[in-house]
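Reviewing the structure listed below.
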Amino acid sequence: MESENFDVIVIGSGMGGLTAASLCAQLVDKRVLVLERHFKLGGFTHTFDRAGYEWDVGIHYVGEMAPGAMPRAFFDLVTGGEIKWNPLPDPLEKFVYPGFTFDVPVGESRYKQALVHRFPAEANALDGYFVDVNRVARWSGLFFMGGMMPPVLRSFLNRLDWGTKRLALSPTADVLCRRFNNPELISLLCSQWGDYGLPPSQSAFLIHAVIVNHYLEGGYYPAGGAGVIAESVRPLVERSGGAFLVNHEVTAVIVEKGRARGVRAVERRGAKTLEKEFLAATVISDAGATTTYSRLLSRVYAEDARRDLNSLPSPTAHVCLHVGFKDDPGKLGFHGENHWIYNSLDHEEIFRLRNELLEGRPMACFLSFPSMKGGVRGHTAEIISFLDYEPFRLWRDKPWKHRGDDYEDLKERISRALIDFVDQRYPGFSALVDFRELSTPLTTEYFTGHPHGAAYGLPAVPERFQMRWTGPGTPVKGLYLAGADAACVGVVGAMMGGVSAAGLVMGWRGLWRLFHAVGKRVKAAATGFRG
Ligand SMILES: Cc1cc2nc3c(=O)[nH]c(=O)nc-3n(C[C@H](O)[C@H](O)[C@H](O)COP(=O)(O)OP(=O)(O)OC[C@H]3O[C@@H](n4cnc5c(N)ncnc54)[C@H](O)[C@@H]3O)c2cc1C
């Protein structure tokens with residue numbers, strides 16, 4: 001058993017873990033150790049390659065990355081300002097339904113105008129809708145940052161705006177049905193539900209508003225692909241004596257008298273495993289709330305959390321077909337925008353029938369082109385669709401790449417169905433395909449350790465946002481949660497989860513330190529100075 005001391009240990013190198021590690025190293029000079037179970041850093045921000053093609057895993061577009069925007073300032077702080085963000089084309093997205101396609105232009109007023117043009121009778125309701133979206137998105141910023149405020153201040157702020165809180169924690173469908181008469185408009189406005197993985201009847205309006213607001217002024221993509229995020233954080237952490245260890249899976253958080261003391265981990269070296277112990281007074285888990293409470297903490301500290309988290313619906317799982325093209329997909333008229341393709345306007349039905357994909361009948365998919373955004377190698381696309389984890393359980397204990405012919409047959413059926421689904425809308429797509437590989441919920445579970453291959457962390461139902469387990473604080477002193485489960489889904493959501501965890505590590509001056517550092521970045525962006 002090896003043992004080594006650090007100031008802070010971060011479990012997992014996803015966006016939340018990288019953020020917490022970077023801020024603790026840069027702002028309070030902590031010696032941070034990041035332990036990652038995968039052989040590559042980055043969590044859902046890592047990239048991989050096959051046959052000369054390269055793909056992202058969990059970034060297709062990130063909003064609010066224009067210079068001067070607050071999330072961009074935080075991102076620059078975390079990554080040392082090294083990342084160049086390429087804007088996606090305008091229109092940003094296409095909502096593709098049977099018989100019509102709606103282009104989503106960049107800019108709130110242009111988006112609203114396009115909607116009013118199609119639904120003139122709903123013009124006033126649309127005004128009100130955008131007011132609600134902005135109001136709830138603004139409120140969510142305070143709500144998520146509230147996790148690092150003293151409880152008295154947090155509960156005061158919570159009480160300050162009851163009306164917005166009630167709106168934010170209502171189901172999306174209720175809010176939209178109250179406001180609009182036209183069901184087609186309601187469906188259109190919900191077209192991005194794939195960004196958080198739940199249909200309007202189940203999702204909290206909070207997450208709907210956060211995502212819609214996030215992309216109103218366009219989408220951005222990191223030049224060179226998502227892998228540049230971990231690459232840019234690494235030297236910032238190492239400069240303060242920190243280290244990154246891949247192939248290290250944390251098996252337990254060591255707790256003594258209610259205080260975190262470190263972690264136990266296993267290192268995988270080929271077929272061999274080596275048990276290790278790392279000590280630190282602070283542990284930050286980016287492994288997700290479910291893993292942290294149900295696998296890493298003992299029952300004494302986690303019983304209530306486990307009970308509450310188990311009461312949430314099953315997390316959303318997905319398949320992703322990674323496609324390599326023989327030639328530039330621009331020849332078919334694509335420009336690098338995203339396509340949400342649905343075979344009906346009824347999102348509830350689409351969600352209910354998502355497992356039809358197993359029989360080769362997709363209900364919906366998301367189509368995106370990593371290579372057209374100035375990123376990864378080769379001409380590439382990704383086609384994503386949702387389904388349940390359960391049908392895949394059969395092969396769960398079989399080794400990666402050796403799960404058997406029946407598993408490969410299923411993957412082939414799904415892959416073909418997804419290509420045909422896209423080809424029906426965009427003829428010529430199928431003929432352009434040179435290489436394809438499907439990831440399943442088992443792939444996600446195998447590489448990230450997220451139980452049931454959860455793509456987006458805890459489901460974004462209203463109840464989730466009212467649980468005390470889903471902020472950065474935990475019942476164990478010195479143990480914090482980072483990442484999407486500490487705030488909300490998305491690269492920026494996970495980053496804010498990491499910001500909150502780092503803020504708590506910094507103590508009562510944490511909030512001030514963070515905003516001071518980020519304020520300097522905003523000022524620098526305004527004057528064009530790179531400090
Ligand atoms: C298919 C897909 C598409 C997406 N598209 C977008 C998009 O376009 N834009 C956007 O903003 N967001 C997108 N997202 C969401 C976004 O990628 C995630 O919300 C975010 O990256 C999550 O970051 P995280 O730090 O919370 O967790 P993760 O990225 O999941 O990182 C957790 C890390 O912890 C490691 N880990 C787990 N357990 C242990 C352990 N016991 N020991 C050591 N390490 C451990 C895992 O291996 C992993 O590296 C997408 C997600 C998916 C799945």
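Note that ligands are numbered from 1 as they come in the structure, with each ligand's atoms numbered from 1 the same way. Everything quoted here is computed from the prediction, not taken from an experiment.
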Looking at ligand 1, is there an atom of it that comes within less than 4.0 Å of some heavy atom belonging to Y215?
yes
Is A494 in polar range of ligand 1, meaning some N or O pair under 3.5 Å apart?
no
Numbering as shown, the atoms of ligand 1 that approach G12 to under 4.0 Å (heavy-atom distance)
33 (C), 34 (O), 35 (C), 44 (N)
Cation-pi check, R306 to Y293: give yes when NZ or CZ is under 6.0 Å from the six-membered ring centre and within 45° of the ring axis, no otherwise.
no
Let me confirm one number: the OG1-CZ distance from T172 to F205, rounded to the nearest 0.5 Å.
7.0 Å
After noting the C-alpha distance and the side-chain angles of Y53 and H379, does the key distance pass the ring-ring contact (aromatic ring centres under 6.0 Å, His included) rule?
CA-CA 7 Å; Y53 298 103; H379 295 300; 8.3 Å; no
Students should be able to answer this: which protein heavy-atom is nearest to atom 42 (N) of ligand 1, and at what distance?
V250 N, 2.9 Å
Report the member of R37, R295, M15, H38 with the shortest heavy-atom distance to atom 36 (N) of ligand 1.
R37
Looking at F447, which atoms of ligand 1 are within less than 4.0 Å of one of its heavy atoms?
47 (O)
Looking only at distances, please establish whether an N/O atom of ligand 1 is found under 3.5 Å from an N/O atom of Y456.
no
Which of the numbered atoms in ligand 1 are under 4.0 angstrom from any heavy atom belonging to G43?
29 (O), 31 (O), 48 (C), 49 (O)
Note: ligand 1 atoms sitting under 4.0 Å from heavy atoms of A484 are 26 (O)
From C320 atom SG to I384 atom CD1, the distance as rounded to the nearest 0.5 Å
4.5 Å
With atoms numbered from 1 as shown, which atoms in ligand 1 lie under 4.0 angstrom from a non-hydrogen atom of L35?
43 (C), 44 (N)
Under 3.5 Å, N or O to N or O, is L296 touching ligand 1 that way?
no
ring-ring contact (aromatic ring centres under 6.0 Å, His included) between F95 and Y342, intermediate numbers included:
CA-CA 8 Å; F95 299 159; Y342 293 106; 8.0 Å; no
Taking distance alone, with N or O pairs closer than 3.5 Å, would you say H318 contacts ligand 1?
no
So is H450 polar-close to ligand 1, meaning N/O to N/O under 3.5 Å?
yes
A side-chain contact here means heavy atoms from C-beta on lying under 4.5 Å apart; do W193 and I350 qualify?
yes
Distance col, row S368:OG vs W340:CH2, nearest 0.5 angstrom, shows 9.5 Å
For atom 3 (C) of ligand 1, which of H60, M495, K40 has the closest heavy atom?
H60
Consider every N or O of D485 and every N or O of ligand 1, then say whether any pair is closer than 3.5 Å.
no
When you check the side-chain N and O atoms of S232 and E82, is any donor under 3.5 Å from an acceptor?
no
Nitrogen or oxygen of V491 less than 3.5 angstrom from that of ligand 1:
yes
So, 4.0 Å and heavy atoms of V57: is ligand 1 close enough to count as a contact?
yes
Kindly confirm or rule out an N or O of V489 lying under 3.5 angstrom from an N or O of ligand 1.
no
Among protein heavy atoms, which lies nearest atom 32 (C) of ligand 1, and at what distance?
D286 O, 3.2 Å
Compute both the distance and the angle, then confirm whether R354 meets the cation-pi test with F351: under 6.0 Å from the six-membered ring centre, within 45 degrees of the axis.
yes
Within 45 degrees of the ring normal and closer than 6.0 Å to the centroid, is that where the cationic atom of R425 sits relative to F421?
yes
Proximal candidate to atom 20 (C) of ligand 1 [heavy atom criterion; set G490, A226, G14, G493]:
G490
Could you go through the salt bridge (charged side-chain N to carboxylate O under 4.0 Å, His left out) check for R268 and E249 one step at a time?
CA-CA 8 Å; R268 268 183 248 107; E249 173 157 15; 2.6 Å; yes
Can you find a side-chain donor-acceptor pair between N213 and E108 that sits under 3.5 Å?
no
Does the gap between the ring centers of F369 and W55 come in under 6.0 Å?
no
Within the structure, does I11 bring an N/O atom to less than 3.5 angstrom of an N/O atom in ligand 1?
no
Please work out which of the three classes, parallel, tilted or perpendicular, describes the rings of Y389 and H452, given edges at 30° and 60°.
tilted
Aromatic contact between Y111 and Y215, with the criterion being ring centroids under 6.0 Å apart: yes or no?
no
Taking distance alone, with no angle check, do Y61 and ligand 1 share an N/O pair under 3.5 Å?
yes
List ligand 1 atoms under 4.0 Å from A455, heavy atoms only on the residue side.
53 (C)
Only heavy atoms of I384, strictly under 4.0 Å: list the atoms of ligand 1 that pass.
1 (C)
Just which atoms of ligand 1 are under 4.0 Å from any heavy atom in A287?
37 (C), 38 (N), 39 (C)
